[in-house]
Amino acid sequence: MKTKITRIIFALLVPFIICTAGFAGDLVIQGGTVLTVTNGVIENGSILIKDGKIAAIGEYAPIPPGAEVINAEGKYIMPGIIDSHSHLALNGDINEATDPVTSQVDMADAIDAHDYGIYQSLAGGVTAAKLMHGSANVIGGLNTTVKLKYRTSLEEMRIPGVRQQLKMALGENPKRVYGSKGKQPSTRPGIFATLRQNFLDAQSYQKKWENYEEKKAEGEKAAPPRRDLKLETIAKTLSGEYGIDCHNYVHNEIVVFLDIIKEFKVPYVVLSHSFGAYKVRDRIAESGVGVQTHTDWWGYKAEAYDAIPYAIKMMMDEGIVVDICSDSEDVIRRLNREAAKVIKYSDMSEEDALKLITINPAKILEIENRTGSLETGKDADIAIFDRHPLDSFSKCVMTLIEGKIYFDINSAEKTALK
């Protein structure tokens with residue numbers, strides 16, 4: 001039924017687009033199996049792209065005059081893959097490990113649009129990623145969500161209007177880094193004490209500024225408070241201008257953290273790694289936070305001993321928005337295979353497995369209105385595979401961002417070196 005409806009919609013839209021839109025820059029991908037992720041599968045489908053957006057999608061339809069055509073016969077067309085947890089293109093400047101709280105740091109200041117890892121990620125069908133501060137600090141720096149527009153600029157890569165997420169970390173990493181320096185935190189209670197105190201300090205800081213603005217509005221002369229970029233960023237996080245991405249592993253610290261964000265009424269939070277999350281999935285579902293995790297990583301450190309490969313399905317069944325992220329410049333190139341592993345371990349449909357690397361990370365990054373599925377009106381962020389992307393032998397042959405080809409396997413060397 002969905003296929004019939006998409007065919008009718010496409011047939012109705014194309015004449016309108018031909019008559020009103022003009023032909024320059026039109027692009028049609030035709031002849032492949034379209035995996036929309038949210039609206040089923042379209043065999044022998046066509047996608048019409050106009051001004052970087054998906055203008056129409058459905059079964060084969062007339063091609064607008066002057067449009068460039070990509071023949072995808074025998075191939076699979078899916079939304080561009082999204083990595084919600086990456087340290088790509090930061091030239092190693094990931095951890096400002098000089099203080100447990102470095103919220104004044106913004107990772108956008110380190111992004112290198114010419115990093116070759118971006119091109120390698122494009123070769124894996126990845127079109128967007130959140131580039132992150134590391135996990136050395138209880139409160140790290142601001143993360144930035146970008147499209148992987150290789151060799152452009154930071155301004156072109158950043159997705160406009162997307163809320164940044166402030167990196168926080170619990171557990172062994174900040175314990176080890178600062179415990180070895182003989183300073184707080186060296187324990188989990190020390191981590192939570194640091195977190196609470198900085199939240200309280202940020203509230204006090206914000207109140208000072210509110211009092212100053214009130215006096216100013218009433219015509220009183222008053223000196224403005226001294227700006228503190230650390231506390232200013234945390235205050236904006238508590239108010240919801242920024243979100244939180246919290247690195248964590250064990251279930252008990254997840255519960256404490258959820259209690260803290262409830263206490264301070266933090267509007268938007270996502271959890272990273274969260275190997276113990278399946279044990280408290282009811283609490284996570286109740287809180288409404290999303291989880292960024294991995295398929296079958298376990299045992300590489302004490303915090304990962306209780307990881308199980310069935311956790312993703314268990315959390316999804318609880319109603320939690322879950323995605324698979326890379327945290328690795330190697331894994332980012334094969335996130336489609338990571339999604340395929342979930343089918344091996346759990347009773348999950350192919351469509352739900354693909355959601356783990358497309359629409360679910362789009363929701364977690366708050367960009368689902370722009371990308372993450374193939375739908376009319378969304379950005380034309382598309383990956384084309386020679387086989388079904390969940391096939392272990394599949395490879396990406398073309399990657400487009402907003403209708404522009406950023407990777408083409410048939411001219412890979414030229415594309416990389418241009």
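Here, residue 1 is the first one in the sequence, and each next residue gets the next number. Predicted model only: the values in this text are computed from it and were never measured.
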* To do: Quick one: closest heavy-atom pair of A339 and L390, and the distance?
  => CB-CD2, 4.0 Å
* Test: K301 cationic atom under 6.0 Å from Y249 six-membered ring centre, within 45° of axis -> yes
* **Flag side-chain contact, heavy atom, 4.5 Å: V37 against L374** => no
* Can a donor-acceptor pair be found between the side chains of Y178 and N137 at a distance below 3.5 Å? -> yes
* To do: Show your reasoning for whether salt bridge (Lys or Arg N to Asp or Glu O under 4.0 Å) applies to K230 and D99.
  => CA-CA 11 Å; K230 283 187 182 183; D99 191 87; 3.4 Å; yes
* Asked: Is the gap between the ring centers of Y150 and Y119 under 6.0 Å?
  -> yes
* Asked: side-chain contact (heavy atoms from CB on, under 4.5 Å) between S204 and D201: does it pass, once the steps are laid out?
  -> CA-CA 5 Å; S204 298; D201 290 347; 5.5 Å; no
* Among side-chain atoms of T194 and Q184, is any donor-acceptor pair under 3.5 angstrom? -> yes
* Asked: Within a reach of under 6.0 Å around CG of D347, are more than 12 heavy atoms found that belong to other residues, nucleotides or ligands?
  -> no
* Asked: For the atom pair CG (L365) and CD (Q165), what is the distance rounded to the nearest 0.5 Å?
  -> 6.0 Å
* Determine, for D259 against R283, whether the closest basic-nitrogen to carboxylate-oxygen distance falls under 4.0 angstrom. => yes
* Verdict with reasoning, R188 to E172, per side-chain contact (heavy atoms from CB on, under 4.5 Å) -> CA-CA 8 Å; R188 282 186 170 83; E172 296 298 328; 3.7 Å; yes
* Would you find a donor on one side and an acceptor on the other, under 3.5 Å apart, between the side chain of D112 and the backbone of H114? -> yes
* Asked: Is a side-chain donor-acceptor pair under 3.5 Å present for S272 with H85?
  -> yes
* **Atom pair OG1/CE of T293 and M315 - distance to nearest 0.5 Å** => 5.0 Å
* To do: Indicate, with yes or no, if the rings of F264 and F199 have centres closer together than 6.0 Å.
  => yes
* N360 versus E368, side-chain donor and acceptor atoms under 3.5 Å -> no
* Whether S180 side chain and V177 backbone form a donor-acceptor pair below 3.5 Å -> yes
* To do: Return the minimal non-hydrogen interatomic distance between T233 and S103, and the atom names on each side.
  => OG1-O, 3.2 Å
* To do: Verify salt bridge (Lys or Arg N to Asp or Glu O under 4.0 Å) between K236 and E232, making sure each step is shown before the conclusion.
  => CA-CA 6 Å; K236 289 180 178 180; E232 183 176 300; 3.7 Å; yes
* Asked: If you measure from CG on L88 to CD1 on I118, what distance do you get to the nearest 0.5 Å?
  -> 5.5 Å
* R334/E338 ion pair, N-O < 4.0 Å -> yes
* Residue pair L335, S326: steps toward the side-chain contact (heavy atoms from CB on, under 4.5 Å) verdict -> CA-CA 7 Å; L335 282 169; S326 76; 4.2 Å; yes
* Nearest heavy atoms of Y268 and K363, plus distance in Å -> OH-O, 3.5 Å
* Do the side chain of R337 and the main chain of S392 share a donor and acceptor less than 3.5 angstrom apart? -> yes
* Taking all non-hydrogen atoms of both residues into account, name the closest pair between A72 and I29 and its distance. => CB-CG2, 3.9 Å
* **F257 side, atom CZ; C246 side, atom SG - distance, nearest 0.5 Å** => 3.5 Å
* Below 4.0 angstrom, N of the basic side chain to O of the carboxylate: do R163 and E366 qualify? -> yes
* Counting distance only, does the side-chain N/O of D381 pair as donor-acceptor with the main-chain N or O of E402 below 3.5 Å? -> yes
* Asked: Does one side chain, of D379 or T371, offer a donor that lies under 3.5 Å from an acceptor on the other?
  -> no
* Does a sphere of radius 6.0 Å around OH in Y300 hold more than 12 heavy atoms from other residues, nucleotides or ligands, not counting ones at 6.0 Å or beyond? -> yes
* **Distance-only side-chain donor-acceptor flag, T127 / K147, under 3.5 Å** => no
* Structure fact -> Taking every heavy atom of G80 against every heavy atom of T358, the minimum-distance pair comes out as O-CG2, 4.1 Å
* **Sub-4.5 Å side-chain heavy-atom contact between F192 and E253** => yes
* Given side chains that start at C-beta, do those of L48 and P64 come closer than 4.5 Å, heavy atoms only? -> yes
* **Flag side-chain contact, heavy atom, 4.5 Å: I234 against Q203** => no
* Donor + acceptor pair across side chains of E96, T98 (<3.5 Å) -> yes
* Asked: Is there side-chain contact between H388 and L35, with at least one heavy-atom pair below 4.5 Å?
  -> yes
* Asked: Between S135 and N173, does any side-chain donor sit less than 3.5 Å from a side-chain acceptor?
  -> yes
* To do: Determine whether the side chains of E375 and T36 contain a donor N or O and an acceptor N or O closer than 3.5 Å.
  => no
* To do: Please step through side-chain contact (heavy atoms from CB on, under 4.5 Å) for the pair I308 and D296, ending with a clear verdict.
  => CA-CA 7 Å; I308 60 172; D296 57 359; over 6 Å; no
* Asked: More than 12 non-hydrogen atoms from neighbouring residues, nucleotides or ligands closer than 6.0 Å to NZ on K262, yes or no?
  -> no
* Does the side chain of V138 come within less than 4.5 Å of P185's, by heavy atoms? -> yes
* Asked: In this structure, are over 12 heavy atoms from other groups packed under 6.0 Å from K395 atom NZ?
  -> no
* To do: Indicate the atoms forming the closest heavy-atom contact of H294 with I312, along with that distance.
  => O-CD1, 3.9 Å
* Is the shortest side-chain N to carboxylate O distance from D306 to K279 below 4.0 Å? -> yes
* Asked: If you round to the nearest 0.5 Å, how far is CD of Q104 from CG of L231?
  -> 10.0 Å
* To do: Indicate whether any N or O donor in one side chain lies under 3.5 Å from an N or O acceptor in the other, for E303 and N248.
  => no
* Asked: Just by modelled atom types, is the D245 backbone N or O under 3.5 Å from a matching donor or acceptor in the N143 side chain?
  -> no
* Hey, are Q292 and K130 close enough side-chain-wise for a donor-acceptor pair under 3.5 Å? -> yes
* To do: Please check if any side-chain donor atom of D228 sits under 3.5 Å from a side-chain acceptor atom of Y205, or the reverse.
  => no
* Asked: Does any non-hydrogen side-chain atom of T38 lie less than 4.5 Å from one of I359?
  -> yes
* Check whether any side-chain heavy atom of K221 lies under 4.5 Å from a side-chain heavy atom of K215, and answer yes or no. => no
* Point-to-point distance, once rounded to the nearest 0.5 Å, from CD of Q120 to CG of L122 -> 10.0 Å
* Should the pair E318-R281 be classified as a salt bridge under the 4.0 Å nitrogen-to-oxygen rule? -> yes
* Asked: Would K75 and D386 pass as an ion pair if we require N to O under 4.0 Å?
  -> no
* **Among V289, V280, V291, the one residue meeting side chain to side chain contact (heavy atoms under 4.5 Å, CB included) with S274** => V291
